[in-house]
Amino acid sequence: MNYVIDEYEARDFCVCDTQMLEEILKIRNDPEVSQWMYSAHITHKGHFEFIEHLKNDKTQRYWAILHKGCIIGVGSLTRLRHKHAYLGIYTNPKATHIAHKGQKILKVIEYIAFEDLGLHSLFLEVMSTNKRAIEFYNKAGFSYNGTLQDFVVSNGVFCDVLIMSKTNVAKFQIAQNMTSTSTKPLIVAELSANHCGSLQIAKDSLKAIAKSGANAVKLQTYTPSCLTLNAKNEHFKIQDGLWKDRYLYELYEEAQTPWEWHKELFALGRELGLLVFSAPFSKEGVDFLESLGCPMYKIASFEVLDLELVEYVARLKKPMILSSGVANDYELYEAITLCKKCGVRDITLLLCTSAYPAPLDSVHLASMPLFAQKYGVKFGLSDHTLGTLCASMAVALGASVVEKHFILDKSLQSADSAFSLDAQEFSELVRQIHNVCEIMGNADYMPSYKKGREFARSIWVARDIGAGEKFTRENIKVLRPSGGLHPRIYKSLLGRKATCELKFGQPLTQKDIT
């Protein structure tokens, strides 16, 4: 398939004419290109046999990238399977009139991969000696995954190959890509009842949320009758806690976010760069949110038990967040299984203590990572404790979502104000989470070169050595800094002879040994 993206055409190799395929072969065999390839030269016969093979191979696709009819380079996606692929690009050294060719080719291929093919991740392999390419991919958002040691011969020398990858994190697709490959969680500000019945406060809250650095804002979409009966007997009266002696209907009537506000709040949030979504409490609420283009849904823990509502949301096949809260293990299993059966691929289960505020000893953060093992889903925290400690610790344990109630100003009074963070506190929470992410880093991180390595030990000439003289523990030593041979071969050198005169303070190299 061919593509046209901005001013650039991606022309499938399989539909290129012979003249263009000949030109592609010349570019591929140009020394500036071939020096970084696993095979330095491709024959004419091999090139055209490969094109014929491509026509029936669904696991790899190659495109010539053209600008105004001129080939600026080639992009490919190979090993296409399970929503992943390996990326390859090379530029045309002769197309000197086009600046930043690599960036333009990468933009085209990423569009095809992420937007058209819907891939989740791109991987690539690059020689460790290709510093320019490594820097290019680092700047483009690719991260280091590992090293294939002595994987390829380049200029007669075995060379390491680095594996790098990038996950699809396009704007407003955050909800679809909250995977463990990303070290930064989705930080969700829960507005809840903290608009205090004022649309202006709600709008000012969204502006403050965006300013805090949070990624998303969550609303609640209900009317009191969605949740309970307007009955005033002991069954509907809250017996203890923050809302003691209040009737459910009256509490929800006070706390609800009017439906007529939603369209304006969704629009404002998107303008501010926030992911805006909601927790519906009825089928009518779901239908209403769909009319607004709600990108994902939250199911509160009390509603996890309502499998009809869960299924109604799950049939939309959009990302879903569920809270554990009051639901027991089997009820969570039922709801999650139903979501998966309906085709929901992106499910996050939040550890949640349904107490307002929640005491620290009621949270049991250590149980949160077990959600992944129990239910095969991502995990996170819906935090009702006071302060920022629990939310920050959850990130250290691998939470992909952190949800916390937000209030514009502590002087405001609402049903949820007592356990909400104000604008300043929420900004501090975001800062803490970013610091935690930076500290935790990547579990798979292993750079090809570590800072300070220049001071590591190596083998040095410890006194003058004559040509033909044997190496001993007195004349060669393992000491700082680096520069000489690796200490691992020290014992094997003892008793061998020097090929030439060696001076005190020289690094011992391979050519110095017979």
> Do Lys340 and Ile347 pass the side chain to side chain contact (heavy atoms under 4.5 Å, CB included) test, and can you show the C-alpha distance, the side-chain angles, and the key distance before you say yes or no?
Replying inline: CA-CA 8 Å; Lys340 291 181 177 179; Ile347 304 170; 3.7 Å; yes
>> Ser324 vs Leu350, test: side chain to side chain contact (heavy atoms under 4.5 Å, CB included). Steps then yes/no.
In response: CA-CA 6 Å; Ser324 60; Leu350 304 186; over 6 Å; no
>> Would Ile5 and Ile112 count as a side chain to side chain contact (heavy atoms under 4.5 Å, CB included) here? Give the steps.
In response: CA-CA 9 Å; Ile5 297 150; Ile112 295 171; 4.3 Å; yes
>> side chain to side chain contact (heavy atoms under 4.5 Å, CB included) for Lys318 and Tyr297? Distances and angles first, verdict last.
In response: CA-CA 7 Å; Lys318 291 186 176 181; Tyr297 288 93; 4.1 Å; yes
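A donor-acceptor pair is defined here as one N or O able to donate and one able to accept, closer than 3.5 Å; no such pair exists between the side chain of Ser165 and the backbone of Phe123. A distance-only check finds no donor-acceptor pair linking the side chain of Asp422 to the backbone of Ile407 [under 3.5 Å]. The backbone N or O of Met20 sits nowhere less than 3.5 Å from a side-chain atom of Glu23 that would complete a donor-acceptor pair. At distances below 3.5 Å, at least one donor-acceptor pair connects side-chain atoms of Asn475 with backbone N or O atoms of Thr472. With hydrogens and angles disregarded, a donor-acceptor distance shorter than 3.5 Å links the side chain of Ser212 to the backbone of Ala214.
The side-chain heavy atoms of Phe13 and Ile24, taken from C-beta on, include a pair separated by under 4.5 Å. With a 4.5 Å cut-off on side-chain heavy atoms, Arg28 and Val74 do not count as touching. Between Phe151 and Cys159 there is no side-chain heavy-atom pair separated by less than 4.5 Å.
Taking the six-membered ring for Trp and the full ring otherwise, Phe142 and Tyr137 have centroids separated by under 6.0 Å.
Side chain to side chain, Gln424 and Glu428 fail the donor-acceptor criterion of an N or O pair below 3.5 Å. Side-chain atoms of Tyr111 and Asp116 include no donor-acceptor pair closer than 3.5 Å.
For the pair Arg79 and Tyr86, the cation-pi test (distance below 6.0 Å, angle within 45°) is passed.
Shown here for Ile89 and Gly75, the closest heavy-atom pair between the two residues is CG2-CA, 4.0 Å.
Other residues, nucleotides and ligands contribute more than 12 heavy atoms inside 6.0 Å of the NZ atom of Lys410.
From Thr499, atom OG1 reaches atom CD of Gln510 across 10.0 Å, with rounding to the nearest 0.5 Å. Note that the OG1 atom of Thr78 and the CG atom of Leu124 stand 10.0 Å from one another [nearest 0.5 Å].
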